[in-house]
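Only this structure's heavy atoms are used, side chains among them; waters, hydrogens and symmetry mates stay out. Numbering of ligands and ligand atoms starts at 1, following listing order.
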Amino acid sequence: MFPIQRPRRLRYSALLRDLVRETQLSKDDLVYPLFVHEKAAPEPIPAMPGQVRHTVPSLVDACKETAARGVKAVLLFGIPDRKDPAGSEAYAENGIVQRAVRAIKDAQVQVQVITDVCMCEYTSHGHCGEIANGDVANDPSLKLICRTALSQAKAGADVVAPSDMMDGRVGAIRRTLDDAGFGHVPILSYAAKYASAFYGPFREAAGSAPQFGDRRSYQMDPANAREAVKEALLDVEEGADIVMVKPALAYLDVIRDVKQATRVPVAAYNVSGEYAMIEFAAKAGVIDRERVIRETLTSIKRAGADLILTYHALEAAAWIS
Ligand code: PBG
């Protein structure tokens, strides 16, 4: 081989490196997650520096900024004032997410609005469904989840994204939407969602930490990759249009496996803990923040993600084409 093969030949000049680069980030891939609450003013989220809990008006502004920067979609999380065991604010006609979606659509902002379909921000116990015998009861929870997805679609959501990890929820949501005349609304399923410690800052932001136990009886074991493929294939069979792997960084192999096993777009969620690690390390002055963000997003794309959900979306959109 050597000295015939000299891989460095292609690295000496920036122009040549551009020419042979295998992975390009694109603004078209990014989705920006946003939080909306019912308080009178926006509130910064200490665990996620740079992110805020919006009011409906400040959320509409954030969506306008998202569109202005060329980012095509937002993912909405609602934080209700009132929680109860059945999470009824998740599917209330005038719930916070429903009002927020209507406001974005009324303002005719050019973004796709993806709504997170889950119960944990809305239940007093903080779990992603209805509790029976000390655990989340799968089939009864499907009713609540379907009601939530339908009420979001009625409010104008462009895509619904179930993140609860109950068995059979994609099929149940698909039937519910179809029966109600929302057959055109796609489902982005959190197909392989792991029981991860990387959600810590999000749970502080959304006040959604479980009040007892943990989520290991419904979210996946971080040790399993083949099971992620099984989950993704099941979701596609049930009608998922896009499948997601979450978190992203500790699961790049899973993104790759799901990409190879399916024929639908694959999304990856660069979650709150991954965001916080970059932000706090940058604050401590130990990393070059912008380069680390770029490298992180590039790695997720290189692994095979077609869509990347990231709290760095707006900022990254400013540097990429
Ligand atoms: C559940 C949900 C969670 C996240 C998105 N949807 C938290 C959880 O499962 O506890 C986490 C997102 C993040 O950490 O950025 N509704």
Task: Under 4.0 Å to a heavy atom of Lys193 - the qualifying atoms of ligand 1, by number - done: 1 (C), 2 (C), 3 (C), 6 (N), 8 (C), 9 (O)
- [ ] Grab the two heavy atoms, one from Cys128 and one from Asp164, that are nearest each other, plus how far apart they are.
- [x] O-CB, 3.9 Å
TODO: Go through ligand 1 atom by atom and flag the ones less than 4.0 Å from a non-hydrogen atom of Cys120.
DONE: 1 (C), 16 (N)
Open item on the list: Which of the numbered atoms in ligand 1 are under 4.0 angstrom from any heavy atom belonging to Cys118?
Closed with: 1 (C), 16 (N)
Task: Shortest non-hydrogen contact from Pro42 toward His37 - done: CA-NE2, 4.2 Å
Open item on the list: For Gln98 and Ser151, which I'm curious about, is there any donor-acceptor pair between the side chains at under 3.5 Å?
Closed with: yes
Task: Over all atoms of both residues, closest heavy-atom pair of Asp257 and Ala225 - done: OD2-CB, 4.0 Å
Open item on the list: Using a 4.0 Å cutoff against the non-hydrogen atoms of Tyr311, which atoms of ligand 1 qualify?
Closed with: 12 (C), 13 (C), 15 (O)
- [ ] Examine ligand 1 and decide if any of its atoms is less than 4.0 Å from a heavy atom belonging to Tyr275.
- [x] no
TODO: Decide whether Ile308 and Val292 are clustered together by the hydrophobic rule: side chain heavy atoms of Ile, Leu, Val, Met, Phe, Trp, Tyr closer than 4.5 Å, transitively.
DONE: yes
- [ ] Considering the heavy atoms of Arg215, write down every atom of ligand 1 situated less than 4.0 Å from one of them.
- [x] 8 (C), 9 (O), 10 (O)
- [ ] For this output row, return yes or no: ring centroids of Tyr32 and Tyr311 closer than 6.0 angstrom.
- [x] no
TODO: Would you mind finding which of Phe202, Tyr218, Tyr194, Phe35 brings a heavy atom closest to atom 12 (C) of ligand 1?
DONE: Phe202
Open item on the list: Once you restrict to heavy atoms under 4.0 Å, what part of Asp164 touches ligand 1? Side chain, backbone, both or neither.
Closed with: neither
Task: Per-atom contacts, ligand 1 versus Tyr269 - under 4.0 Å to a heavy atom - done: 12 (C), 15 (O)
Task: Lys246: numbered ligand 1 atoms lying under 4.0 Å from its heavy atoms - done: 2 (C), 3 (C), 4 (C), 5 (C), 6 (N), 11 (C), 12 (C)
Open item on the list: Quick check on side-chain contact (heavy atoms from CB on, under 4.5 Å): which of Thr23, Ile255, Leu249 does Ser299 satisfy it with?
Closed with: Leu249
- [ ] Could you tell me whether ligand 1 has any atom less than 4.0 Å away from a heavy atom of Met119?
- [x] no
Open item on the list: I want to know whether Tyr91 and Tyr122 have ring centres closer than 6.0 Å.
Closed with: no
Task: Residue among Asp158, Val71, Ile104, Val31 satisfying side-chain contact (heavy atoms from CB on, under 4.5 Å) with Val111 - done: Ile104
TODO: Determine whether any heavy atom of Glu274 lies closer than 4.0 Å to an atom of ligand 1.
DONE: no
Open item on the list: Under 4.0 Å, heavy-atom basis, I'd like to know which part of Ser272 is in contact with ligand 1: side chain, backbone, both or neither.
Closed with: both
TODO: May I ask you to check whether Phe35 and His54 place their ring centers less than 6.0 Å from one another?
DONE: no
Open item on the list: Under 4.0 Å, counting heavy atoms only: does Ser208 come that close to any atom of ligand 1?
Closed with: no
- [ ] Ignoring angles and geometry beyond distance, decide whether Gln219 reaches within less than 3.5 Å of ligand 1 through its nitrogen or oxygen atoms.
- [x] yes
- [ ] Measure the distance from atom 10 (O) of ligand 1 to every protein heavy atom, then report the residue, atom name and distance (to 0.1 Å) of the closest one.
- [x] Arg203 NE, 2.6 Å
